[in-house]
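Everything on this sheet refers to the single structure shown next.
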Amino acid sequence: MSDGLVVALSGGVGGAKLALGLSRALPARDLLVIANTGDDFEHLGLSISPDIDTLMYALAGVDNPATGWGRRDETWSFMDSIAALGGADWFRLGDRDLATHVERTRRLRAGETLSQVTADFCRRLGIGPRLLPMSDDRVRTRVQSDGGWIDFQDYFVRQQCRPVVRKLAFDGAAAARPQPEVLAALRGGGLRAIVICPSNPFISIEPILAVPGLRDAIAQSGVPVVAVSPIIGGRAVKGPTAKMMQELGLEASAAGVARHYGDLLSVYVAEPDDAASLAGLRLKVVAAPTLMTSLADREALARVVLDAADARRRAA
Ligand code: GDP
């Protein structure tokens, strides 16, 4: 007997940690992970989907624990060789990882959708839960800095998040269609909870919510929407979330993230030391350790999230 479907919204590194925890706490059929594709780009002639790949490798247990992205036991012959030829080497593509991009690119060119390619890769990697892109249509995050608009990976990887972020845009989002299975899952009966993983709210979660229909479907789902704070003690665990919040004129804190999500949330899970600062907000706050270092941490946080959602549902 199923307890219902849990739909998790996720970016890459932080999101994939909780997605893995959820995959260990739930039967495979009860978890659907929606991946951000705003970070996707074309590079060296290849279609690269960084968040899908981080999630896929984490769920398959072949991720690189040292970097949080890419595959474990990686070798770098391709990168060394392309650098020797004067090619672009600012975006690191390991030899094993490269196979994913080459095969994805071939299949997309042959007419498969990103969802179909992702589902088949997941099946071949032995992943039980469903992992789907937010849309099969092209959405590209762009960053406005003092020097003008730049592509997301130029900002994130080539310039190592150094440019000051003034504004973000999600090119193509307004015309993108939500992935049909994703929309059906959010609108269908049998939902247990929606989880917003501890991902960057602005560049990992916002692009998902920008796809027409998805934000409304989440807001109208009637089930608890539980977010985990990606900010602990005013700092991001990894990446530019706190820096970006300051640059966008927001308070870089767990409360700042909760205010950003606003009415969409019904439950917010934050570090015990941050919980007091959340007292004034109109949402249920659950204090729990949110730093996921070990596999046990990931699973424990997933269980906190599920318990919080179920308690909220019972109380409603
Ligand atoms: P990206 O797409 O690779 O940038 O990955 P995400 O957006 O999914 O993850 C980046 C966010 O994850 C950052 O804001 C980090 O603070 C957060 N993060 C990473 N690890 C953890 C963790 O163990 N716990 C929590 N609460 N947040 C984390």
Side-chain angles (χ1 to χ4, degrees), residues 8-22 33-41 48-59 63-70 91-92 131 133-134 139-141 143 152-153 155-157 160-161 165 168 170 195-209 226-248 250 252-258 260-261 268-275 278 285-302 304-305:
L9 280 58
S10 177
V13 174
K17 289 187 191 175
L18 186 62
L20 177 60
L22 288 166
V33 182
I34 307 176
N36 168 43
T37 58
D39 296 7
D40 290 15
F41 75 131
I48 301 182
S49 296
D51 288 353
I52 286 180
D53 292 347
T54 297
L55 281 160
M56 202 165 68
Y57 296 153
L59 291 169
D63 57 318
N64 183 335
T67 54
W69 55 268
F91 193 89
R92 309 282 298 157
L131 167 63
M134 63 200 199
V139 178
R140 295 290 180 268
T141 297
V143 177
F152 178 74
Q153 296 297 346
Y155 160 77
F156 196 68
V157 178
Q160 305 265 299
C161 307
V165 177
L168 293 159
F170 310 114
V195 178
I196 300 181
C197 288
S199 289
N200 185 312
F202 310 97
I203 52 177
S204 291
I205 302 299
E206 209 53 42
I208 301 177
L209 300 175
V226 185
V228 176
S229 176
I231 298 280
I232 301 178
R235 304 166 94 106
V237 179
K238 196 169 193 275
T241 308
K243 174 179 180 280
M244 197 176 273
M245 291 184 85
Q246 283 155 5
E247 292 166 354
L248 292 170
L250 304 168
S253 66
V257 171
H260 167 75
Y261 287 130
Y268 193 52
V269 181
E271 201 66 19
D273 285 351
D274 291 329
L278 298 161
V285 175
V286 173
T290 60
L291 183 64
M292 294 170 280
T293 309
S294 65
L295 190 55
D297 295 340
R298 288 160 170 74
E299 190 172 334
L301 184 55
V304 166
V305 165

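Just follow the structure's listing: the first ligand is 1, and inside any ligand the first atom is 1. When a residue number appears, it is its place in the shown sequence, counting from 1. For the numbers below, each heavy atom of this structure counts, side chains included, while hydrogens, waters and symmetry mates do not. No experiment lies behind these values; they were computed from the predicted model shown.
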Under 4.0 Å from a heavy atom of Gly12: give me the atoms of ligand 1 that qualify, with their elements. 1 (P), 2 (O), 3 (O), 5 (O), 6 (P), 8 (O)
Are any of the N/O atoms on Lys17, whether in the backbone or the side chain, positioned under 3.5 angstrom from an N/O atom of ligand 1? yes
Side chain or backbone of Asp51 under 4.0 Å from ligand 1, or both, or neither, by non-hydrogen atoms? side chain
Please name all residues satisfying side chain to side chain donor-acceptor pair (under 3.5 Å) with Thr141, sequence neighbours left out, ordered by chain then number. none
Could you name the option among Ser204, Gly11, Cys197, Gly14 that has the heavy atom nearest to atom 7 (O) of ligand 1? Ser204
Indicate yes or no: does an N/O atom of Ile231 lie under 3.5 Å from an N/O atom of ligand 1? no
Short N/O distance, under 3.5 Å, between Ala236 and ligand 1? no
Honestly, for Thr241 the part within reach of ligand 1 (heavy atoms, under 4.0 Å) is side chain
Out of Phe202, Trp69, Phe156, indicate the one that has the non-hydrogen atom closest to atom 4 (O) of ligand 1. Phe156
With backbone taken as N, CA, C and O and side chain as the heavy atoms from C-beta onward, which portion of Pro50 lies under 4.0 Å from ligand 1: side chain, backbone, both, or neither? neither
Glu271, portion touching ligand 1 at heavy-atom distance under 4.0 Å: neither
Return the set of residues passing ring pair (Phe, Tyr, Trp, His ring centres under 6.0 Å) with Phe170 (not counting sequence neighbours), or none when no residue passes. none
Does only the side chain of Lys238 get under 4.0 Å from ligand 1, or the backbone, or both, or neither? Count heavy atoms. backbone
Which pair of heavy atoms, one from Gly15 and one from Cys197, lies closest together, and at what distance? CA-CB, 3.6 Å
